[in-house]
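Keep in mind that this is a model prediction, so the values were computed, not measured.
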Amino acid sequence: MAETLVDFSGIRLFWEIPQADLEEIAHMTRMSRVKKHASVYQAGQQALFVHFLIEGWIKVLRTNANGKELIFDILGPGEVFGEECVFGEAPQALYDSTVEALEASLIGRIAKVDFVRALSRHEHLTIRFGRHLSERIQKMQRHLAGMVFHTVPGRLAHLLLACYVRRGGTDSLSGCVRLTHQEMANMIGCSRETISITIGQFKYAGLIRHCHHVITHLDEQGLSGLLEASPNSDAEYPTSRRSIRPSTGRFPTNGSARAHRLSLATDPTWRHGRAAR
């Protein structure tokens, strides 16, 4: 059964909104549970609702005619999505991407007409919504810059740092979701085989630790070092990394890629500029 009211304390869009305004918005909201792998909405579908995530994780994607996915983003609790419904007049307003649940999720939605009315009546909500749109644009710009300027190890490091959060002050991690190697590949624009090889090199270098196929620890400083290195160059691991043996792995992506082996030095650094190509 759909729930009528919701606690907005975890939704960033509604932070700093007066309680009286929140109560009004809560009565506009309808809740629903979405099963793992189920679609919340499809690209091209008429955009009639703004959605926000209470529990669970979702992916925002597009697919081509051959069914290949390009994942734009992974969103967790507190995130807002489907905001494109606010712009344009129905029936012209359409969702420009598909949203699927990566795990069982609890999602709230507010009808476009109600949300637009709330924006016109509540200044605090309008300001927060503007900030949300600005942050979303900046996030997309950073993602595109990483796709263009960084090697695969750098892009994977950015993904891992973005998708895994530390529990309090402990060393244990709570993964946002158990992303498959294929899903990681779809996010950073490479093959699944390349992801598997790079994950293996990260493990050997001590940048990540696995337990039962789940990442339980990240060397945040080491991974951040990959992002700070010169983009698309022979970036290096910090000299504190232990020595890494040469690898015989190949990237089975295309003819030219097969000619490249992983370029791993025997000194305490791992040069990965060629490995990302």
Side-chain angles (χ1 to χ4, degrees), residues 2-34 40-41 47-60 71-88 93 95-97 99-144 158-170 172-177 187 218 220 224:
E3 303 172 39
T4 303
L5 301 181
V6 61
D7 178 8
F8 286 120
S9 60
I11 309 300
R12 296 178 59 200
L13 179 64
F14 300 115
W15 289 352
E16 303 174 2
I17 305 299
Q19 185 60 37
D21 295 345
L22 286 179
E23 292 177 1
E24 178 183 345
I25 294 170
H27 283 87
M28 304 176 181
T29 304
R30 294 297 178 266
M31 308 297 297
S32 61
R33 293 194 176 273
V34 180
V40 180
Y41 56 75
L48 298 177
F49 299 94
V50 174
H51 300 74
F52 49 90
L53 194 56
I54 305 298
E55 300 172 2
W57 293 85
I58 62 170
K59 60 180 178 180
V60 183
I71 299 177
F72 296 124
D73 210 350
I74 301 291
L75 301 179
E79 295 285 353
V80 176
F81 58 100
E83 58 276 269
E84 59 263 42
C85 80
V86 175
F87 308 101
Y95 292 120
D96 56 14
S97 58
V99 171
E100 293 181 3
L102 286 166
E103 60 183 40
S105 302
L106 177 62
I107 296 174
R109 65 179 187 178
I110 301 177
K112 169 188 173 178
V113 61
D114 291 332
F115 190 79
V116 171
R117 185 183 302 117
L119 287 175
S120 66
R121 295 177 59 180
H122 304 296
E123 179 182 358
H124 289 87
L125 180 60
T126 303
I127 293 173
R128 291 295 306 178
F129 188 60
R131 291 176 182 170
H132 162 75
L133 295 177
S134 176
E135 291 169 358
R136 183 60 55 84
I137 292 172
Q138 292 174 19
K139 184 177 182 180
M140 182 60 68
Q141 289 175 336
R142 289 193 298 269
H143 178 71
L144 291 175
H158 180 271
L159 175 62
L160 294 178
L161 289 169
C163 285
Y164 290 85
V165 293
R166 187 175 299 281
R167 289 199 196 103
T170 70
S172 62
L173 292 173
S174 173
C176 72
V177 70
M187 286 197 72
L218 299 180
E220 296 181 57
S224 297

Spacing of [atom1] belonging to [X] relative to [atom2] belonging to [Y], to within rounding of 0.5 Å:
X: Trp15; Y: Leu125; atom1: CH2; atom2: CG; value: 15.0 Å
X: Thr29; Y: Ile110; atom1: OG1; atom2: CD1; value: 3.5 Å
X: Leu133; Y: Gln138; atom1: CG; atom2: CD; value: 11.5 Å
X: Ser224; Y: Leu218; atom1: OG; atom2: CG; value: 9.5 Å
X: Arg30; Y: Asp114; atom1: CZ; atom2: CG; value: 9.0 Å

Q: Compute whether any side-chain donor of one residue and acceptor of the other, for Glu24 and His122, lie under 3.5 angstrom apart.
A: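 Looking only at side-chain atoms, His122 and Glu24 do form a donor-acceptor pair, the distance falling under 3.5 Å.
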Does the [X] side chain pair with the main chain of [Y], one donor and one acceptor, at a distance under 3.5 Å?
X: Trp57; Y: Glu103; value: no
X: Thr126; Y: Leu119; value: yes
X: Ser105; Y: Ala101; value: no

Any side-chain heavy atom of [X] within less than 4.5 Å of one from [Y]?
X: Ile58; Y: Phe81; answer: yes
X: Leu102; Y: Ile74; answer: yes
X: Val116; Y: Phe87; answer: no
X: Met31; Y: Ile107; answer: no

What are the two closest non-hydrogen atoms of [X] and [Y], and how far apart are they?
X: Leu13; Y: Val80; value: CB-CG2, 3.7 Å
X: Val86; Y: Lys112; value: O-CE, 4.3 Å
X: Pro77; Y: Gly56; value: CD-O, 3.2 Å
X: Leu48; Y: Tyr95; value: N-OH, 3.5 Å
X: Glu55; Y: Arg33; value: OE1-NH1, 3.5 Å
X: Phe52; Y: Arg109; value: CE2-N, 4.2 Å

Q | Worked verdict on Arg131 versus Arg12 for side chain to side chain contact (heavy atoms under 4.5 Å, CB included) | A | CA-CA 10 Å; Arg131 291 176 182 170; Arg12 296 178 59 200; over 6 Å; no
Q) Are the ring centres of Phe115 and Phe129 closer than 6.0 Å? A)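 Centroid separation for Phe115 and Phe129: below 6.0 Å.
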Q: Flag the pair Phe72 / His143 as yes when their ring centroid distance falls below 6.0 Å, and as no otherwise.
A: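 Centroid distance Phe72-His143: not below 6.0 Å, so no.
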Q) Please walk me through it: do Gln19 and Leu22 pass side chain to side chain contact (heavy atoms under 4.5 Å, CB included)? A) CA-CA 5 Å; Gln19 185 60 37; Leu22 286 179; 4.0 Å; yes
Q: Run the numbers on Asp73 and Lys139 for salt bridge (charged side-chain N to carboxylate O under 4.0 Å, His left out), then give the verdict.
A: CA-CA 9 Å; Asp73 210 350; Lys139 184 177 182 180; 3.0 Å; yes
Q.
Take a 6.0 Å sphere around CZ of Arg128 and say whether it holds more than 12 heavy atoms from other residues, nucleotides or ligands.
A.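 For Arg128, atom CZ is crowded (more than 12 foreign heavy atoms under 6.0 Å).
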Q: Check the pair Ile17, Phe8 against side chain to side chain contact (heavy atoms under 4.5 Å, CB included), reporting the backbone distance first and the verdict last.
A: CA-CA 10 Å; Ile17 305 299; Phe8 286 120; over 6 Å; no
Q: Test side chain to side chain contact (heavy atoms under 4.5 Å, CB included) on Glu100 and Val40 and set out the steps.
A: CA-CA 6 Å; Glu100 293 181 3; Val40 180; over 6 Å; no
